[in-house]
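What follows is a set of notes on a single structure, which appears directly below.
As a basis for the values below, the full set of heavy atoms in this structure was taken, side chains included, without hydrogen atoms, waters or symmetry mates.
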Amino acid sequence: MTSASQTPKIGDMIEISRIGYSHWAIYVGSGYVVHLAPPSEFAGAGASSVMSVLAEKAIVKMELLSKVAGKDKYRVNNKHDDRYPPQPPNKIAQQAMEKVGREVPYSLTHDNCEHFVNELRYGISRSDQVTDAVQTLGVAAGVIAGLGVLGLLGLAVSRNRRERH
């Protein structure tokens, strides 16, 4: 996932692929990133950081990208640059570093690491992982409900045919 052409620049959003989700950070220069880390999220945690879903608080940390990523793959992913104008890189880094050490509210659905980096880069708090999960659950619920309705209709048609014969 990483390559020489993807050398991070100050203010870039970094997507770190964990098992089942992505962890997000902001590159602030000299190999360092600032990221939102619930107590169970630690550098190179991989799958064990899944327990962060239960956290209600997180700490803003500044750590080496290599340490945060550990053995996980990462990439620069400024995915909303075509939709929202990014803040100036130095402003992104400055705001990120001003938050280091703070304990902040954490919620998987509305205050997670992806919300944090989008807020810093674009001034808009959003998480596509949450949006995608909600849409997937909505579609799944719709399919299940639709199958239930079709099943009931099939049962009604079948019963109606038996009663006529």
Side-chain angles (χ1 to χ4, degrees), residues 1-140:
M1 245 182 178
T2 55
S3 69
S5 64
Q6 283 197 314
T7 301
K9 295 186 279 309
I10 291 175
D12 279 343
M13 292 181 7
I14 308 297
E15 180 181 14
I16 302 164
S17 296
R18 304 276 199 232
I19 296 173
Y21 74 103
S22 293
H23 182 63
W24 291 85
I26 286 285
Y27 189 76
V28 294
S30 302
Y32 284 87
V33 293
V34 171
H35 65 118
L36 191 59
S40 63
E41 176 83 36
F42 56 91
S48 67
S49 62
V50 169
M51 292 306 295
S52 66
V53 301
L54 304 175
E56 293 181 5
K57 297 275 185 196
I59 296 176
V60 180
K61 294 183 178 181
M62 185 167 101
E63 299 178 281
L64 284 170
L65 173 56
S66 59
K67 183 179 175 193
V68 176
K71 293 181 181 178
D72 295 329
K73 293 183 179 181
Y74 67 88
R75 67 183 178 133
V76 171
N77 188 356
N78 299 319
K79 61 185 176 176
H80 297 301
D81 280 8
D82 59 341
R83 180 181 284 173
Y84 308 116
Q87 307 281 348
N90 287 335
K91 182 177 180 184
I92 296 168
Q94 178 186 356
Q95 287 179 346
M97 289 187 286
E98 286 172 358
K99 295 177 187 295
V100 171
R102 291 188 190 170
E103 184 177 82
V104 297
Y106 180 85
S107 164
L108 184 66
T109 57
H110 56 276
D111 282 321
N112 68 34
C113 59
E114 189 176 5
H115 290 99
F116 178 74
V117 298
N118 276 302
E119 177 75 35
L120 287 167
R121 185 164 176 88
Y122 306 112
I124 295 171
S125 177
R126 66 174 289 158
S127 172
D128 295 335
Q129 292 180 104
V130 171
T131 302
D132 293 348
V134 168
Q135 287 175 347
T136 299
L137 288 173
V139 168

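Pairing each heavy atom of Lys79 with each of Trp24, the nearest pair is NZ-CZ2, 3.6 Å. Considering every non-hydrogen atom in both Pro8 and Leu65, the closest pair reads CG-CD2, 4.2 Å. Closest of all the heavy-atom pairs between Ala69 and Arg18 is O-NH1, 3.7 Å. When every heavy atom of Gly11 is checked against every heavy atom of Ile26, the shortest pair comes out as O-CD1, 4.0 Å. Heavy atoms only, all atoms of each residue included: Ser22 and Cys113 are closest at O-SG, 4.2 Å. What you find for Ala93 and Ile10 is that their closest heavy atoms are CB-CG2, 3.6 Å.
Ring pair Tyr122/Tyr84 is tilted by interplanar angle, where 30° to 60° counts as tilted.
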Is there a side-chain contact (heavy atoms from CB on, under 4.5 Å) between Phe116 and Val104 once you walk through the steps?
-> CA-CA 10 Å; Phe116 178 74; Val104 297; 6.0 Å; no
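The structure places CE of Met13 at 4.5 Å from CG of Asn118, a figure rounded to the nearest 0.5 Å. To the nearest 0.5 Å, atoms NZ (Lys9) and CG (Asn78) are separated by 7.5 Å. To the nearest 0.5 angstrom, Ile16 atom CD1 is 7.0 Å from His35 atom NE2. Residue Ile14 holds its CD1 atom at 8.0 Å from OH of Tyr27, rounded to the nearest 0.5 Å. To the nearest 0.5 Å, atoms CZ (Arg121) and CG (Asp12) are separated by 5.5 Å. In this structure, Gln87 CD and Ile92 CD1 are separated by 6.5 Å, a value rounded to the nearest 0.5 Å.
Residues Val60 and Val34 are in side-chain contact: their nearest non-hydrogen atoms beyond the backbone lie under 4.5 Å apart. Side chains of Val68 and Lys61 form no contact here, defined as non-hydrogen atoms less than 4.5 Å apart.
For Asn90, the CG atom sits in a loose shell: 12 or fewer heavy atoms of surrounding residues, nucleotides or ligands are nearer than 6.0 Å. The neighbour count for Tyr32 OH, taken as heavy atoms of other residues, nucleotides or ligands under 6.0 Å away, does not exceed 12.
Looking at Glu114, its side chain does come within 3.5 Å of a backbone N or O of Asp128 through a donor-acceptor pair.
Here salt bridge (Lys or Arg N to Asp or Glu O under 4.0 Å) pairs that include residues 83-111, with residues two or more places apart or in two chains, number zero.
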